[in-house]
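These notes are about the structure you will find just below.
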Amino acid sequence: MGTFHFYDFIAVIVFILLVVLSLNEIVLGQLERDLGNHMILEHILFFSIGALSVYVAEHILKFIISNERNSFVGSKSEIHQLSSSSATGRAIQYWKAILRRIFKLNTHPWSWIVIAGCLAIVWHIPPIFDYASTHDYVHVMQHLSFITVGAATFMIIRLLGESFNLFLIFSLIGMMGFSGLILVISDNQIYQVYSIGSHHNAGMYMIISSVILLLVIMPTYLIRRTIFHIKTSRPRGNDT
């Protein structure tokens with residue numbers, strides 16, 4: 001019988017809560033009143049939804065398939081007939097087909113980097129960002145793109161491992177610190193839909209995020225990976 005672990009339940013609950021928040025126009029409206037909240041908090045919201053969507057989809061699919069296999073008794077042909085004739089069985093087949101097509105990109109991990117990088121850069125180009133902020137349908141496309149960026153980043157981290165994770169952390173530290181400094185010292189409206197003061201707030205948020213990455217996230221990651229490698233390299237058997 002397929003089972004859900006505690007962390008799987010937590011991931012599903014967090015995913016549902018984030019999706020509910022992302023659909024709440026009042027919450028989004030409050031976040032988008034300030035460039036700092038828009039660029040940091042709202043984007044983190046959609047990136048997290050994207051990353052969790054991959055994790056949750058995989059685990060729910062495994063859970064359903066495991067339960068479907070254990071609920072049928074009979075020959076392989078009977079199981080196939082029952083599963084293909086039921087609504088759940090058809091849903092599983094469609095879901096598997098969609099995930100199979102998406103995960104074909106796993107054979108080319110750098111394709112995920114291109115997708116995530118292009119989407120993140122394009123939507124932060126000032127004229128495009130301003131246009132999306134003032135046109136609802138384009139704004140929805142922007143949000144969906146950031147969900148895709150989160151999903152693609154999750155796949156990249158899982159496929160490329162520690163070296164890329166360190167590279168990603170260092171890149172984020174440098175990018176956010178540099179971008180934040182530009183926004184703080186700039187007296188020009190880079191994004192016309194936001195005031196100069198809002199630009200300065202966004203810059204401070206980015207600099208603070210960069211410092212948190214440098215002083216908290218990166219050391220925590222290095223310590224966790226070091227402990228993991230020590231445990232895996234320790235010879236088994238009785239210590240003398």
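As the structure is a prediction and not an experimental result, all values here were calculated from the model.
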With sequence neighbours left out, the residues meeting side chain to side chain donor-acceptor pair (under 3.5 Å) with Ser48 are none
Do any pairs count as a side chain to side chain donor-acceptor pair (under 3.5 Å) and have a residue in residues 195-204, sequence neighbours left out, and if so which ones? Asp34-Ser198, Asp34-Asn201
Just jot down the side-chain contact (heavy atoms from CB on, under 4.5 Å) partners of Ile121, sequence neighbours excluded, or say none. none
Applying side-chain contact (heavy atoms from CB on, under 4.5 Å) to Val122 and not counting sequence neighbours gives Ile128
Please, which pairs that meet salt bridge (charged side-chain N to carboxylate O under 4.0 Å, His left out) have at least one residue in residues 159-173, sequence neighbours excluded? Glu162-Arg225
Validation row: Trp112, Leu160 side chains within 4.5 angstrom (heavy atoms): no
Near Ile10 CD1, under 6.0 Å, is it more than 12 heavy atoms from other residues, nucleotides or ligands? yes
Val27/Leu45 under side-chain contact (heavy atoms from CB on, under 4.5 Å): CA gap, chis, key distance, verdict: CA-CA 11 Å; Val27 173; Leu45 170 66; 5.8 Å; no
Please determine whether side-chain contact (heavy atoms from CB on, under 4.5 Å) holds for the pair Ile40 and Met176, giving the CA-CA distance in whole Å, both sets of side-chain angles, and the decisive distance to 0.1 Å. CA-CA 10 Å; Ile40 303 298; Met176 297 191 75; 3.7 Å; yes
Hydrophobic cluster of Leu17, others only, ordered by chain and residue number, side-chain cut-off 4.5 Å: Ile13
Do Ile156 and Leu168 have side chains that get closer than 4.5 Å, going by heavy atoms? no
For the student: nearest non-hydrogen atoms of Val184 and Met204, plus distance: CG2-N, 3.6 Å
Side chain to side chain donor-acceptor pair (under 3.5 Å) against Asn24, all qualifying residues, sequence neighbours excluded: none
For His43, enumerate each residue passing the ring pair (Phe, Tyr, Trp, His ring centres under 6.0 Å) test, keeping only those at least two apart in sequence or located in another chain. His38, His124, Phe146
If Ile, Leu, Val, Met, Phe, Trp and Tyr residues are connected whenever their side-chain heavy atoms lie under 4.5 Å apart, and connections chain through other members, are Val114 and Met155 in the same group? no
Under the 4.5 Å side-chain heavy-atom rule for ILVMFWY, direct or indirect, which residues accompany Ile227? Ile223
Pairwise side chain to side chain donor-acceptor pair (under 3.5 Å) hits with a residue in residues 171-191, at least two apart: none
Atom pairs and distances, side-chain donor-acceptor, residues 205-220, under 3.5 Å, sequence neighbours left out:
unit_1	atom_1	unit_2	atom_2	d
Ser209	OG	Tyr205	O	2.8
Ser210	OG	Ile173	O	2.8
Thr220	OG1	Val216	O	2.6

Sequence neighbours excluded - side chain to side chain donor-acceptor pair (under 3.5 Å) pairs with any residue from residues 125-136: none
Verdict with reasoning, Thr153 to Phe47, per side-chain contact (heavy atoms from CB on, under 4.5 Å): CA-CA 9 Å; Thr153 303; Phe47 293 159; over 6 Å; no
